[in-house]
Amino acid sequence: MKETLAMTDQTTTTVGSRGGTTGPPRQGQAPSPRDLAARAPANQAAPSPGPRRPGDESGGAAPVTMTGAQALVAALEQLGVDVVFGIPGGAILPAYDPLFDSRKVRHILVRHEQGAGHAAAGYAQVSGRPGVCIATSGPGATNLVTPLADAYMDSVPVVAITGQVASTLIGTDGFQEADIAGITLPVTKHNFLVTEAGDIARTVAEAFHVAATGRPGPVLVDIAKDALQARTQFRWPVPFELPGYRPVIRPHSRQVREAAKMMMAARRPVLYVGGGVIKAGASKELLTLAELTGMPVVTTLMARGAFPSSHKQNLGMPGMHGKVAAVGALQKADLLVALGARFDDRVTGRLDTFAPGAAVVHADIDPAEISKNRHAEVPIVGDCREVIIELITAIRGEQEAGEQGDLSAWWSQLDALRATYPLGYDQPDDGSLAPQYVIERIGKLAGPDAVYVAGVGQHQMWAAQFIEHEHPRHWLNSGGLGTMGYAVPAAMGAKVGAPESAVWAIDGDGCFQMTNQELATCTVEGIPVKVAIINNGNLGMVRQWQTLFYAERYSHTDLDRMEQGTSTGTRIPDFVKLAEAYGCAGLRCETAADVDKIIQQAMEINDRPVVIDFIVHRDAMVWPMVAAGTSNDDIKVARDMAPDWDVTE
Amino acid sequence: MSQPLVRLREQEPSASRHTLSVLVENKPGVLVRIAGLFSRRGFNIDSLAVGPTEHHEYSRMTIVVNCAEHPLEQVTKQLNKLINVLKIVELETSVSVQRELLLVKVRADAETRSRVLETVALFRAKVVDVAQDAVTVEATGNRDKLDALIRVLEPFGIKELVQSGMVALGRGSKSITDRALRPIERTAGGSAQ
């Protein structure tokens, strides 16, 4: 079925050995991909980051002969890739040889492929450019599955390049063979298996294009070892062969006009903002739209920072652990304008009771999201930035025609909710540290220009709630998949992508123990991240559910020896010693009085990573909460305490 | 008659059969992408037939799904997201020709053979293999006709049976590939900056 490809130069194909540990490395005489690439394309005037448009071939210079591996590295260079995270191994070894020579592509050797994947995602989320990770076949590739699934759920542009056993061995259960394209089919936007050297450059270019355009997502390119070793003609630019890929960017103007009319007519509208706004780079436009209409804004977990937390129209985060005012606004709204949001179950609660009185305008670049969970009266397919720009124009038109929505009654209702049910937390009775306080202080001291990267669990929710998120691409977390262990490697990638920013990982002691080995990478590679471990000695969010729904039967959520009776964080391992063992600065904080001082101390250390072990109370809970599977109307502001939606000031 | 390849959810009461014609790139792994999508999103496939088209670089799949309107919209949208899928059209029964192929081996000894052959002739089917005690019958037609044939042959004793799954073409002179294969305008930029 495979179409024949114009591959002329196959004469030097060598079949890789099992495991790839034999055979001399190709070294020496061959010019580096950098040199070759410099020679090859004549029309690369201003190499821009991100995938290049498919070029007209007319401008391309004469093709240059090189190995598939050199073509891979040359393509990465041409695509503007400045950093890749990876670990070599047998099948990918041919690619590592020319990578050794590249002066444009920095390779960061991680300690586990999962770290490479999350680092690539962290890099992509702060920079907006696709992150790249590299692994070998078999176990190297399967270790990428979790971060790929994570990037898929959160629509992060990641390109994974994996080595595969030689094409002649594929299907024979060869050493370190895994059908990674098959395995990652459900968790990638697309993937490719490349068995011909001549396809490598084009496929890599296509992978970047698919990853970064439309609804972004992870793309995997699996390359057989013999394709890396074979010689081929390298041409650049290279035209895409993606006849079925046509993301819709520009929205339909009739739909936009319809939406604008509904927005002007609504009495209780809400802008329900999702992560798509950040991916579209539409924060500035969103601010204009919000101020033009005076509409309240809620920003989902993935959209923290898309709209300033400090803005008076921002009601905060909706959802399972959302602010009462934000959840209440959705429930009482007569119009939801969903922008790059996907009506996730963590936002809607029980779907049939979600926003019962609201009509829905749903703008998303992915048509399949529209009316997937909630029917949209006005569907708008398009890039969020384009949609918002056109909405602004349409609404200005309506306003000039004399339409002016009056939201004063709506705002007084929402302001009452906001005033009555602010976010808050109790200080523990025993004088131990409140985790919320720690996170709040980090947010205050590190400020809105720092990048915050959370793991998954209670600390993630508190970081979403209590840090003032003012800028887009400054809040990273694993929203869709909920991947414990995301924070440390993602923070590492974020620091590489935004070296001028302070990067704080807010992690839990459970999460931290899943991926902390990347601190070794951070130390060795000079990536000075800061990691605040919110150490409560247990799997806090799970424990919270056990407290609330499993009669306080704490089945296997304790991370320390219970008989020692610690009421607070775990000492196993000793995170300070562990940090020091990794070459990081290790600090510990156990009292509220020390919090600011120790955060300051951490902020002054910039020559190596810093780990702070914040020993916090183990029974703190995340509030408000909408229990799983229940209605948003049953939100609790604290245990057994429901808010009154109709509160007045 | 046809067994669903995938059946994860109970069919909704409003479910009905829809025939989708899906133009895809003729590449390895495309079939598994489509089958995998159906299975993981919990959509039911009644039948799926695939083969090359008049353009060697494209294949065409005819997929019969049994679902209500809303899930059908999701099926179509999710299929459209697959990079290898070029075009999807729903072929309504009234404006398309829909055919399946049936091969069935029926018990037919000296005593019953003439009656079996008579039945076969009535259905404009044909016998493609004859053995001592059985004949193999080939029939094409729509679902109803083949079901009827099977019902009538059943009393003789069906030894084995295989079916192709439905293939379908829209009536009239237009082709599904007309628009899909025009040179595609590339999209600039996208949402990620």
Side-chain angles (χ1 to χ4, degrees), chain A residues 1-3 49-51 53-54 124 127-130 155-157 181-182 185-186 189-193 195 206 209-217 219 239-250 276-277 279-282 340 365-372 375 382-386, chain B residues 22-43 50-53 55-61 68-88 177 179-193:
Chain A
M1 273 171 85
K2 177 97 177 139
E3 78 272 46
R53 299 276 309 279
S127 71
R129 299 191 297 273
S155 307
V156 182
L185 210 66
K189 183 172 173 185
H190 192 55
N191 63 28
F192 302 89
L193 169 62
T195 53
E206 288 173 352
H209 179 66
V210 170
T213 55
R215 179 180 183 171
V219 177
F240 296 158
E241 292 173 15
L242 296 168
Y245 183 64
R246 284 156 288 177
V248 176
I249 307 297
R250 293 291 305 278
V277 168
K279 288 169 175 89
I365 198 158
D366 180 357
E369 284 303 339
I370 293 170
S371 295
K372 181 181 81 177
H375 175 71
D383 175 70
C384 258
R385 190 165 165 273
E386 302 279 339
Chain B
V22 184
L23 193 67
V24 301
E25 288 183 80
N26 180 8
K27 281 187 175 174
V30 174
L31 179 59
V32 72
R33 282 176 203 278
I34 294 201
L37 175 73
F38 274 85
S39 117
R40 75 176 170 274
R41 298 254 174 208
F43 305 138
V50 56
T53 66
H55 301 274
H56 74 276
E57 65 269 47
Y58 302 107
S59 295
R60 183 161 169 167
M61 296 186 182
E69 273 310 315
H70 176 74
L72 180 70
E73 185 185 321
Q74 264 296 307
V75 170
T76 314
K77 285 172 163 180
Q78 293 292 348
L79 280 175
N80 256 322
K81 276 172 75 171
L82 295 177
I83 309 290
N84 302 120
V85 169
L86 280 93
K87 192 176 185 183
I88 304 167
T177 55
R179 274 171 60 83
L181 301 188
R182 279 197 318 213
I184 283 140
E185 192 188 322
R186 300 295 181 173
T187 323
S191 65
Q193 335 87 54

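Below, chains carry the letters A, B, ... as their sequence lines are ordered, and counting in each starts from 1.
- Atoms CD1 and NE2, from B/I83 and A/H209 in turn, are 9.0 Å apart once rounded to the nearest 0.5 Å.
- To the nearest 0.5 Å, the span separating CD on B/E57 from CD on A/E241 amounts to 10.0 Å.
- Distance check: B/H70 NE2 to A/S371 OG gives 7.0 Å after rounding to the nearest 0.5 Å.
- Residues B/R33 and A/H190 are in side-chain contact: their nearest non-hydrogen atoms beyond the backbone lie under 4.5 Å apart.
- To the nearest 0.5 Å, the span separating CD on B/Q74 from CD1 on A/I370 amounts to 10.5 Å.
- Partners of B/I88 by side-chain contact (heavy atoms from CB on, under 4.5 Å), not counting sequence neighbours, listed by chain and number: B/L20, B/V22, B/T76, B/L79, B/N80, B/V85.
- Listed here is the closest heavy atom pair of A/P243 and B/L86: CB-CD2, 3.8 Å.
- When the side-chain contact (heavy atoms from CB on, under 4.5 Å) test is applied to B/K81, the partners found at least two apart in sequence or on another chain are A/R215, A/D366, A/A368, B/Q78.
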